Amino acid sequence: MHIDIISVLPELLTSPFEHSIMKRAQDKGLLTVAVHHLRKWAVNEYGQVDDYQYGGGAGMVMMCEPLVNAITELSASRKFDEIIYVTPDGKTLNQRMTNALSLKENLLIICGHYKGIDERIRQKYVTLELSIGDYVLSGGELAAAVLVDAIGRLLPGVLNDETSALTDSFQDNLLAPPVYTRPVDFEGMQVPDVLMSGNHAKIEEWRYEKALQRTKDRRPDLLAD
Ligand code: 6GU
């Protein structure tokens, strides 16, 4: 998979992909991420990419022209399956959506800043608008990093048996069960016997029961889905 990201703060998008699983995905050639500074397509020598909003009010709006030029130039090298705008008024991202996106070949992500991007770019070029939750971030970059991480780890070959996505929270609409490591006794609290029984069928049954109970207690909405 290849992911292009357009941003006015590309520095925010370096470290998230340089470590751990995202690094492995790229080292293995399963994922390439290219971050593009929108200033490259600025409308003048001052690097302008935003302007005052019509109708007045505080906050700048990212202009059409730099965005269209960026989208057009990047689209010449690849056919994007989705042009995603990350924005708090988009659809809320969930595991089902990341699963679907992980099957795509080429994604373009546009990060908004200030008051966001001109509405006409959303209407004419953007194919998918995504939010990462009901709270406001100061820009789309951290949301884009979350999105790329959530998608990237699902690409075939990125995770190994130990890190398999199949046992993640949400993958079957259940939260993950509790996990334990050494020592067996921690401040008087014991690891459940069943986990040390060696009986794999029993252990799976216990994990399923715990996952179900945890989901009922904390996220009954997932079971209703
Ligand atoms: Cl995608 N962007 C911003 N700026 N804030 C958010 C968000 C996105 N998702 C939740 N909050």
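Because the structure is predicted, anything quoted here is derived from the model rather than measured.
The nearest pair of heavy atoms linking Lys210 to Pro178 is CB-CD, 3.7 Å.
A side-chain donor-acceptor contact under 3.5 Å links Asp81 to the backbone of Glu105. A donor-acceptor distance shorter than 3.5 angstrom exists from the side chain of Thr127 to the backbone of Ile83, with no hydrogens or angles considered. When atom types are taken as modelled, the side chain of Thr92 and the backbone of Gly133 share no donor-acceptor pair closer than 3.5 angstrom. Of the possible polar contacts, none joining the Lys202 side chain to the Ser197 backbone as a donor-acceptor pair under 3.5 Å is found. Without hydrogens or angle criteria, Arg24 side chain to Val158 main chain gives a donor-acceptor distance under 3.5 Å. In this structure, the side chain of Ser131 does not engage the main chain of Gly90 through any donor-acceptor pair within 3.5 Å.
Each side-chain hydrogen bond (donor to acceptor under 3.5 Å, both in side chains) pair with one or both residues in residues 46-57, not counting sequence neighbours, appears once here: Asn44-Gln48.
Under the side-chain hydrogen bond (donor to acceptor under 3.5 Å, both in side chains) rule, Asn106 has a single partner from His2, Arg78, Lys79, which is Arg78.
Side-chain contact annotation: Glu73 with Asn69, donor-acceptor N/O pair under 3.5 Å absent. There is no side-chain donor-acceptor pair under 3.5 Å between Glu18 and Ser15.
Taken from CG in Leu31 to CG in Asp149, the straight-line distance is 10.0 Å, to the nearest 0.5 Å. Between the CG atom in Leu108 and the CG atom in Leu128 there is a gap of 11.5 Å [rounded to 0.5 Å]. Between the SG atom of Cys111 and the CD1 atom of Ile5 there is a distance of 6.0 Å, given to the nearest 0.5 Å.
The neighbour count for Asp27 CG, taken as heavy atoms of other residues, nucleotides or ligands under 6.0 Å away, is above 12. Counting heavy-atom neighbours within 6.0 Å of Asp217 CG, excluding the residue itself, gives a total above 12. By the neighbour-count criterion of 12 heavy atoms within 6.0 Å, atom CZ of Arg39 is densely surrounded, having more than that number from other residues, nucleotides or ligands.
Residues Val33 and Leu154 do not share a hydrophobic cluster, clusters being chains of Ile/Leu/Val/Met/Phe/Trp/Tyr side chains in contact below 4.5 Å.
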Counting only pairs under 3.5 Å, give me each side-chain donor-acceptor contact of residues 115-125, with atom names and distances, residues two or more places apart or in other chains.
| residue | atom | partner | partner atom | Å |
| --- | --- | --- | --- | --- |
| Asp118 | OD1 | Arg120 | N | 2.9 |
| Asp118 | OD1 | Arg120 | NE | 2.9 |
| Asp118 | OD2 | Arg120 | NH2 | 2.8 |
| Arg122 | NE | Glu129 | OE2 | 2.7 |
| Arg122 | NH2 | Asp89 | OD1 | 2.8 |
| Arg122 | NH2 | Asp89 | OD2 | 3.4 |
| Arg122 | NH2 | Glu129 | OE1 | 3.0 |
| Arg122 | NH2 | Glu129 | OE2 | 3.4 |

Sequence neighbours excluded and cut-off under 3.5 Å, please list the side-chain donor-acceptor pairs for residues 136-148, or say none.
| residue | atom | partner | partner atom | Å |
| --- | --- | --- | --- | --- |
| Glu141 | OE1 | His113 | NE2 | 2.9 |
| Glu141 | OE2 | Ser7 | OG | 2.6 |

